[in-house]
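Written below as structure tokens is the structure these notes are about.
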Amino acid sequence: MSEDQIDNNEERDEEFSGGQENQHDGLQDNIIPISGMYKEYFLDYASYVILERAVPVLNDGLKPVQRRILHSMRELEDGRYNKVANVIGNTMKYHPHGDASIGDAMVQIGQKDLLIDTQGNWGNIFTGDRSAAPRYIEARLSKFALDVVFNPKTTDWQLSYDGRNKEPITLPVKFPLVLVQGVEGIAVGLACKILPHNFNELIDASVAYLKGRSFKLLPDFLTGGQADFSDYNNGLRGGKVKVRAKIEADDKKTLKITEIPFGTTTTSLIDSILKANSKGKIKIKKVEDNTAEHVEIIVHLNAGYSPDKMIDALYAFSNCEVSISPNACVIHENKPLFIGVSEILKRNTEHTKELLNQELLIKKQELETSWHFASLEKIFIENRIYRDIEECETWEDIIATIHKGLKPHIKHLKRAVTDEDVARLVEIKIKRITKFDSTKADNYIASLEDELKVVQGHLDNIVEYAVDFFKRIKKKYGEGRERKTEIKTFGSIERTQVAVANQKLYVDRAEGFVGTGLKKSESEFVGECSDIDDVIVIRKDGVMMVTRMASKTFVGKDIIHVAVWKKGDARTTYNMVYKDGASKKSFMKRFQVTSITRDKEYPLTKGASGSEVHYLSVNPNGEAETVLVQLKPVSKVKKLKFELDFSQLAIKGRGAGGNTLTKYPVKRIEQKEKGLSTLGALKIWYDDSVSRLNKENRGELLGEFHAEDKILTIMQSGHYKLYGLDVSAHFDDDLIHIEKFKPNKPISCVYFDGDKQQFNVKRFLVEETDKKTSFISEHEKSYLEVCSTDWVPRAEIVFRKEKGKDQRENQEINLAEFIAVKGLKAVGNRLTTHTVNNVNLLAPLEPNLGDLQDLDQSSQSEEEVSHPPEKNEEEKKEKSSAIKPIDDDDSSQISLF
């Protein structure tokens, strides 16, 4: 708006205000500044949302709407189901909001399967399907809720919002309800997120706290899955929980998701998978959702894709892995309080102990009152004091006469006799007096005294009483509430390692461009890549650079090498010969590129102007070839040709200048012979905490591996499986043994044959296959007892005591002597005719070298298996090929200039 327009508007406003001046003179005193209204109203609103809507109270763990729903259900409780619509209507007496908010809150409580016993379609926490309309579903309070949530005698009350009814300020919940249910709420300037915890584990923690022992709480989700709680931070702000779906490989072409992360549904999970597929992060055929009572999502893979790698890709690019940030916040004394879940449990446990103490005190008072009146009644009737009041004419005379009659007999009473006590005596009916039984009265009084002793004992030992209370709750309601979420430690997934190659990389060597968007007619195809990869480029002037994958990036002209670069790759080795621009000498070097700063130019030469690369080869497994160097015919050069064996050079950093090759000018360099890797065998470790292989010295060293070596895994289910050297491999949850595979090393096992109902022993050699193979009988009751890959394993048999007989002593056996090595399908020999309780493995014996040679004459020795023989010269010549430019299909990339 221009200044003229503003002025015109102001003039019109003045004219209008002038015309209305007399009309508003009397209202000037009633004007309230907007700033003041905003300050007060906003704070009132913020306080209301925090205290009355979004954040639970510490003592009972409930938001106001949840508390009102439970109170309303207790009002309607008669043991039968009530229509949810009726419950909602009754709750509206206490909750000043619409029926929709009450209904949604009630469904959320019901889906947690703890406080409300539901009937009908209450929705599905796995699929995210909504519940049926309130008029079609029914509910009643669960037995657990009736047992631990309500007690009018220990409840503090307040008037409802309209003053017509009474509602509880907080419910007397004798359980850490806020931790078992979890809660999430967003208020004004404040948020709350407490993750749900396991029912039984909370009880165990409360018992441990009461006994003065330490405890640790970790969340547990109804949807199951796997979770890494390493950074949970006791549920406080700043913590983080990683939750993963449970994914299994059905076969090479199919993955099955059986549990989903907390906070997701099968619908949202499938949508995230399809979204990742449409973006090219993963490649799948289709996804099927077979979820009913249990989760079952089938992911069909394209041919040629590794199931293990695809599992990692699903974790990296879809909601199969989610990160949750807790923020524990509760209301305490009408203020928000940020405390950890351990402190919440301690305070809830103390609150439970106080409530139990109050209940005992109330019960004690009730018993004392009953004892007091029973004693008075006995005195009143046995001493026939009721006859003394026959002549009394006024109420005061009656009271005084009874007091006088009781006085000689009340010395043993625990409190004074009041007029109210006398009034109750007067109200006793003649029928009761005539049928009074002194013996029964004495027995009743004695029983009250016994109960009082018990109650007083509980009060004197309130901690033990609280412990027994929690144990009773666990025994009564803990069945079926075992932990559903598996606690694991996740290894980090390098997104670039698992991303599907969804792009094609091109290079324009002459103009100096690389990228996925270059015109095919003007560029050269390099290979498949993903859009999150990095690209390494080496130019003819000896300059190297790594840059992000992009549609088109200028990296400099005269490109001699371009490829996808993997961070931390300690196997790929570059063999190079270059001319130094300053000295004109030629140098040779071997180096690796494991870490860089993106878009920074690194000189691979000594950095002098005029430097030039004569020869460069890229070897993914550290191969060292032999090349033929031909010099230019100049004076004083006696030998124009000579060989260079790169295996004689040590691998150094990329910044090293290298060794002098020749001071004379080089005409050309040709590859003469391909070489073997100089890096030696690759060391592989197994990290039990994350159940993954690695090369970073984490966990147990499995050994040194060559390309053809395999890994043997044995499962508790009685199966074995062989794996190649794939660090992304996923192993079965029941893995009990993993080691480097040696073909001539037998497996010894003791298993229970469910068909013959006996323990058998068998020894066998592993048949090399990539399939999961069973080595025990297939009967449903068969199971593996013990298994060993030692050369001479020993076992101890523990016998079961037979009725009427002495306990048989344990027996030690040498499994290698007990049975010879047989075929995989052999049943084996029976272990013993006696009843076996269990079998334990003992320390193995040292093997005899002669026995090992006799075991399998045709197999190689351990050293031969670990180190394959060198290829002869003929094989090398057959496998050597003519010199050719870089080709993505070759395992080693070579550039010649």
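Every heavy atom of this structure was used, including side-chain atoms; hydrogens, water molecules and symmetry mates were not.
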How close do [X] and [Y] get, counting heavy atoms only, and between which atoms?
X	Y	result
Leu217	Val341	CD1-O, 3.9 Å
Val322	Pro261	CG2-CB, 3.7 Å
Met106	Ile69	N-CD1, 3.7 Å
Pro168	Trp157	N-CE3, 3.6 Å
His197	Tyr232	NE2-OH, 3.1 Å
Ile194	Cys329	CD1-O, 3.9 Å

With sequence neighbours excluded, tell me which residues meet side-chain hydrogen bond (donor to acceptor under 3.5 Å, both in side chains) with [X].
X	answer
Arg213	none
His332	none
Asp460	Gln456

Partners passing salt bridge (charged side-chain N to carboxylate O under 4.0 Å, His left out) against [X] (at least two apart in sequence or in another chain):
X	result
Glu201	Arg483
Lys353	Glu350
Asp806	none

Under the side chain to side chain contact (heavy atoms under 4.5 Å, CB included) rule, what do Lys93 and Glu75 come out as? Steps first, then yes or no, please.
-> CA-CA 12 Å; Lys93 295 189 303 183; Glu75 275 189 334; 3.5 Å; yes

So the ring-ring contact (aromatic ring centres under 6.0 Å, His included) pairs with at least one residue in residues 389-437 (sequence neighbours excluded) are none

For residues 136-155, the ring-ring contact (aromatic ring centres under 6.0 Å, His included) pairs (sequence neighbours left out) are Phe144-Phe175, Phe144-Phe199, Phe144-Tyr477

- Message: Given the ring of Phe373, does Arg424 sit roughly above its face, with NZ or CZ under 6.0 Å from the centre of the six-membered ring and within 45° of the axis?
- Response: yes

Contacts of Lys83 meeting side-chain contact (heavy atoms from CB on, under 4.5 Å) (sequence neighbours excluded), chain-then-number -> Asn86, Glu138

Those residues at least two apart in sequence (or on a different chain) that pass side-chain contact (heavy atoms from CB on, under 4.5 Å) with Glu77 are Arg74, Arg140, Leu141, Leu146

For residues 381-393, the salt bridge (Lys or Arg N to Asp or Glu O under 4.0 Å) pairs (sequence neighbours left out) are Lys378-Glu382

Residues pairing under salt bridge (Lys or Arg N to Asp or Glu O under 4.0 Å) where one sits in residues 333-345, two or more places apart or in two chains, turn out to be Glu343-Arg347

Output yes when a side-chain donor or acceptor of [X] lies under 3.5 Å from a complementary backbone atom of [Y], and no otherwise.
X	Y	value
Asp220	Lys484	yes
Asp421	Thr418	yes
Arg68	Thr91	no

Let me see the working for Asp60 and Val178 under side chain to side chain contact (heavy atoms under 4.5 Å, CB included), right down to the final yes or no.
CA-CA 7 Å; Asp60 63 4; Val178 69; over 6 Å; no

In the structure I gave you, are the side-chain heavy atoms of Phe221 and Val243 within less than 4.5 Å of one another anywhere? yes

